[in-house]
Amino acid sequence: CIEEWLQFEEHMGVVHSQLQQQMEDEISALGPTESSEYYLSEEQFGQFERGLGYYELAMYNQAQNEFDQLIAHNPDFIPARIYLAFCYFIVEDFAEASKHFKLITSTEKNRELLAVSYYALAWIHVIWDDHEAAEQYFELARKADPSINFYSLS
């Protein structure tokens with residue numbers, strides 16, 4: 001389990017880098033108030049940047065506050081929601097993390113983000129000792145992105 005969790009954290013580092021690069025590309029191309037998928041006011045853009053900064057400094061409660069405020073006004077902004085979900089996961093508020101990961105899986109089309117969200121949900125259910133649901137989420141993660149080797153309880 002520990003080895004699988006370390007692989008998951010390593011994969012999340014890759015996803016984090018990809019999200020950050022995507023945002024930087026959109027920002028440099030269109031400026032801080034527009035992107036190809038999302039509209040952010042300058043204040044919201046600042047909240048996202050502050051949230052990322054806090055996240056990278058492992059100040060998860062502060063990051064959570066920034067991302068929470070941002071998605072309150074822009075609920076479809078998936079980059080903020082995924083970071084918010086992981087903030088809740090890291091501070092062990094699994095019910096809140098689960099809520100956000102489920103919202104992501106209900107709307108997101110990106111296979112890698114879907115797989116990571118399902119995988120996080122699987123681990124939440126492992127923690128909750130709900131192995132049947134955990135195995136279902138592991139399977140959904142594998143189906144979302146078969147190129148990623150995910151853990152399984154079976």
Side-chain angles (χ1 to χ4, degrees), residues 1-27 32-131 133-134 136-138 140-142 144-145 148 150-151:
C1 282
I2 292 172
E3 184 178 316
E4 292 295 327
W5 180 253
L6 291 174
Q7 288 178 352
F8 175 65
E9 283 188 343
E10 193 175 300
H11 185 70
M12 269 314 300
V14 171
V15 170
H16 169 73
S17 296
Q18 290 173 344
L19 277 174
Q20 196 166 13
Q21 186 62 49
Q22 178 185 354
M23 286 301 297
E24 288 172 7
D25 291 348
E26 290 178 357
I27 290 162
T33 59
E34 284 186 39
S35 78
S36 58
E37 286 186 65
Y38 311 106
Y39 174 83
L40 296 178
S41 69
E42 289 201 34
E43 180 182 338
Q44 291 169 332
F45 176 75
Q47 283 179 311
F48 185 71
E49 282 192 320
R50 281 190 304 277
L52 280 178
Y54 287 132
Y55 188 90
E56 290 173 359
L57 293 171
M59 299 172 71
Y60 301 112
N61 290 323
Q62 293 87 338
Q64 178 184 317
N65 184 49
E66 296 295 335
F67 295 133
D68 233 344
Q69 289 178 31
L70 181 55
I71 67 163
H73 294 79
N74 202 333
D76 297 328
F77 187 49
I78 296 299
R81 190 170 297 278
I82 194 100
Y83 281 111
L84 179 61
F86 275 103
C87 286
Y88 281 118
F89 188 93
I90 291 166
V91 300
E92 299 181 5
D93 186 343
F94 300 117
E96 200 61 27
S98 177
K99 179 182 101 175
H100 290 286
F101 284 122
K102 285 179 181 177
L103 281 167
I104 292 164
T105 61
S106 71
T107 61
E108 185 55 39
K109 303 290 185 248
N110 178 294
R111 291 174 26 164
E112 196 166 65
L113 285 178
L114 275 173
V116 166
S117 296
Y118 284 132
Y119 197 64
L121 285 164
W123 277 104
I124 289 169
H125 284 276
V126 167
I127 291 164
W128 287 342
D129 205 27
D130 182 356
H131 297 281
Q136 290 172 352
Y137 282 118
F138 283 128
L140 287 170
R142 280 189 292 280
D145 191 348
I148 302 171
F150 286 113
Y151 181 76

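- Here F101 and F86 bring their ring centres to under 6.0 angstrom of each other.
- Taken from CG in N74 to CZ in F45, the straight-line distance is 13.5 Å, to the nearest 0.5 Å.
- Counting only residues at least two apart or on different chains, no salt bridge (Lys or Arg N to Asp or Glu O under 4.0 Å) pair has a member in residues 77-92.
- The two residues V91 and N61 make their nearest non-hydrogen contact at CG1-OD1, 3.7 Å.
- Between the CD1 atom in I82 and the SG atom in C87 there is a gap of 11.0 Å [rounded to 0.5 Å].
- Using the six-membered ring where Trp is involved, H125 and Y137 have ring planes that are parallel, under 30° apart on the 30 and 60° scheme.
- Closest heavy-atom contact between R111 and D145: NH2-OD1, 3.3 Å.
- Residue L52 holds its CG atom at 11.0 Å from CZ of R50, rounded to the nearest 0.5 Å.
- Nearest heavy atoms, I124 versus S98: CD1-N, 3.8 Å.
- Between H100 and Y88, the two ring planes are parallel [angle under 30°; tilted spans 30° to 60°].
- With rounding to the nearest 0.5 angstrom, the CD atom of Q136 is 11.5 Å from the OH atom of Y118.
- Here the straight-line distance linking atom CD of Q47 with atom CD1 of I71 works out to 11.0 Å at 0.5 Å rounding.
- Counting all heavy atoms, side chain and backbone alike, A144 lies closest to A115 at CB-N, 3.8 Å.
- Outside the 6.0 Å centre-distance limit, the rings of Y60 and Y54 are not counted as a close aromatic pair.
- Relative orientation of the F94 and F89 rings is perpendicular, given thresholds of 30° and 60° on the angle between their planes.
- Residue F48 comes nearest to A80 through the heavy atom pair CE1-N, 3.8 Å, listed as atom of the first residue, atom of the second, then distance.
- In this structure, W128 and A95 approach most closely via the heavy-atom pair CZ2-N, 3.7 Å.
- With values rounded to the nearest 0.5 angstrom, L84 atom CG is found 11.5 Å from E66 atom CD.
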